[in-house]
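What you see is a predicted model; the values in this text were computed from it and never measured.
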Amino acid sequence: MPRIRLVDLLRSESCPGKVFVQGWVRTKRDAKGFSFLEINDGSCLANLQVIADAILPEYSSAVLPARTGASVEVMGELVASQGKGQRWELRAEKVVLTGSAPEDYPLQKKGHSLEFLRSIAHLRPRTNLFGAVFRIRSRMAYAIHRFFQERGFVYVHTPIITASDCEGAGEMFRVVTMEREKVRTGKEEFFGKPTYLTVSGQLEGETFACALSDIYTFGPTFRAENSNTSRHAAEFWMIEPEMAFCDLEGDMALAEELVKALVADALDFCAADLVFCNQFVDKELIQRLKFVRERSFQRISYTEAVALLLASGKSFEYPVENGVALQAEHERYLTEEHFQCPVTVYNYPKGIKPFYMRRNDDGATVAAMDLLVPGIGEIIGGSQREERLDVLEANLREQGLDLDAYRWYLDLRRYGTVPHAGFGLGFERLLMFVTGVGNIRDVIPFPRTPGVAAF
RNA sequence: UCCUCUGUAGCUCAGCGGUAGAGCGGGUGGCUGUUAACCACUAGGUCGUUGGUUCGAUCCCAACCGGAGGAGCCA
């Protein structure tokens, strides 16, 4: 008899009769003459209540020892539950203890702290919260592909090992071989020159946009920054669309559309898991997500934002000043207090942004944008790219970068240059926003942060 | 990297200059169509590490290591 997943079983409208299920015991309650087994197989948040009668021949060998954490398989008949709290329950006819869980099984029926669960990251997906978070993560990855594929974007796999050593996005990890012989003979560089783990697929993505028009990347990214915050990881996933024949306006529109679409998808397809997050993580989560889905985002230029902050009368730890980067507290004020919804800030001062962003006609600002969301801050950063060869070369020189290393990148402007734009969306930051989880370490299966690469 | 807080039983925490306690979890027994069930009993700890102060330190001090929050950087 084929196994049926709990997600499908518990959705049954009418009684499916005899079924076969497999999963892990979440808790067991022994009564006189029978036991209640709550089993979960990760296909959904809900557990299945199994009634195992003491007259079963394997009752003492398989049912009584099936403690929290044990894996079991149960054959039986699904019947309407006599008790409250569940619609269906499984009346066991045969129970097999696939794998027992000794008494030192670390997960209790009680709630655990997120810090403790991080120390057992290999077992934490067995908890309600992490099951929910990682089902949502999977769904969001799918929704991202769907969003771009439906709009005709081509998925491009940019390299993870890169030779561009100065993409301007942060400290990089070096890639070296472990072969001692090569180190001794001075041929330690496998690729003949220093290589690094990518900090962004943007520059490579631009090359494909300047050929296939609309592309996106979705893959791992690495930053060797010594950042110790709840919003940074050394390894994270990023989505980077890049569009030819597109300006900043189109870029901002796509970014807002994407965030809205993903929030709507989560509300539609992860309802049960979001209800759980709403109950145990953030009581205002669903309300906020619905608000984001329905309301239009705000847009404000950097100059307007500065004026607004100066006029706010708020005393900030860092003073607001034109030409200086907005601090986290400033961004937070805009999105959490003033607008109380996602805000796109655009046209930043040229001096605080990287070389590839397109210089505006005022000569002082660049066509850059950041999308800020309440609770997280910056979730998307993007720009229209500088498509004019002479301006781009001047920018590189101004920032002291080696033009030769960017030869291939400059070629895009030398041969059939086009206006183009794109942005980067931090996947984990999106997940924090969608789940309400406050620490990036709890939305990625095995987090890598300074000093920590467990598992 | 900087600032602040923190490190006591498997987990969550209380405590105190005279070498430790609760709840939950575990074990045993009981009870019950139960819902993080309930009741009783019971077993668990060189109080993060290393130094120092002291007659005496889990408690005070210092350094180090781990964890958390905030900042910077960014996604």
I'd like a list of close polar pairs between nucleotides 38-47 of chain B and the protein, N/O only, cut-off under 3.5 Å.
none

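The side chain of Arg223(A) sits closest to C74(B) out of C74(B), G26(B), U32(B). Side-chain atoms of Gln327(A) lie closest to A71(B) of the nucleotides C31(B), A71(B), G69(B). Side-chain proximity of Arg91(A) to C31(B), G33(B), G27(B): nearest is G33(B). Across G33(B), U1(B), A75(B), the shortest atom-to-atom separation from the side chain of Glu378(A) is found for A75(B).
At the phosphate of A75(B), neither OP1 nor OP2 sits under 4.0 Å from any side-chain N or O atom of Arg429(A). Put simply, Thr27(A) has no side-chain N or O that comes within less than 4.0 Å of OP1 or OP2 on U35(B).
Looking at heavy-atom distances under 4.0 Å, Ile440(A) makes contact with a base. Residue contacts shown for Glu240(A) are absent, as no nucleic acid heavy atom lies under 4.0 Å away. Contacts of Ser119(A) with the nucleic acid, taken as non-hydrogen atoms under 4.0 Å apart, are absent. Heavy atoms of Val373(A) sit nowhere under 4.0 angstrom from any nucleic acid atom. Nucleic acid contact class of Asp104(A) (heavy atoms, under 4.0 Å, all strands): none. If you check every strand for non-hydrogen atoms under 4.0 Å, Glu38(A) touches a base. Across all strands, Arg67(A) comes closer than 4.0 Å only to sugar-phosphate atoms, never to a base (heavy-atom distances).
In terms of position on RNA chain B, the residue among Ala328(A) and Phe236(A) whose nearest nucleotide sits closer to the 5' end is Ala328(A). Nearest-nucleotide assignment on RNA chain B puts the 5′-proximal partner with Lys84(A), out of Lys84(A) and Gly438(A).
Using a 4.0 Å cut-off between charged nitrogen and carboxylate oxygen, Asp265(A) and Arg139(A) count as a salt-bridge pair. Between Glu378(A) and Arg231(A) no salt bridge is recorded (no basic side-chain N to carboxylate O distance below 4.0 Å). With salt bridges taken as basic N to acidic carboxylate O contacts below 4.0 Å, none links Arg358(A) and Asp247(A). For the pair Arg11(A) and Asp8(A), the salt-bridge criterion is met [side-chain N within less than 4.0 Å of a carboxylate O].
In this structure, His338(A) and Tyr333(A) have tilted ring planes: the angle between them lies in the 30° to 60° band. The aromatic rings of Phe173(A) and Phe222(A) sit perpendicular, their planes meeting at an angle over 60°, well past the 30° parallel limit. Aromatic ring pairs are classed by plane angle as parallel below 30°, tilted from 30° to 60° and perpendicular above 60°; the pair His112(A) and Phe116(A) is tilted. Ring geometry, Phe36(A) versus Phe34(A): the interplanar angle exceeds 60°, so the pair is classed perpendicular (tilted spans 30 to 60°).
Counting atom types as modelled, Glu103(A) pairs no side-chain N or O with a base atom of G27(B) as donor and acceptor under 3.5 Å.
Spacing between C13(B) and A9(B) at atom P, rounded to whole Å, works out to 11 Å. Across the P atoms, C41(B) and G56(B) are found 41 Å apart, a figure rounded to whole Å.
Side chains of Ser81(A) and Gln86(A): a donor on one and an acceptor on the other come within 3.5 Å.
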Whether each nucleotide of nucleotides 2-15 of chain B has a protein heavy atom under 4.0 Å at its base (B), only at its sugar-phosphate (S) or at neither (-) is summarised, 5' to 3', as --------BSS---
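Here Phe34(A) does not pack flat against the base of G33(B), since the 5.5 angstrom centre distance and 30 degree tilt limits are not both met.
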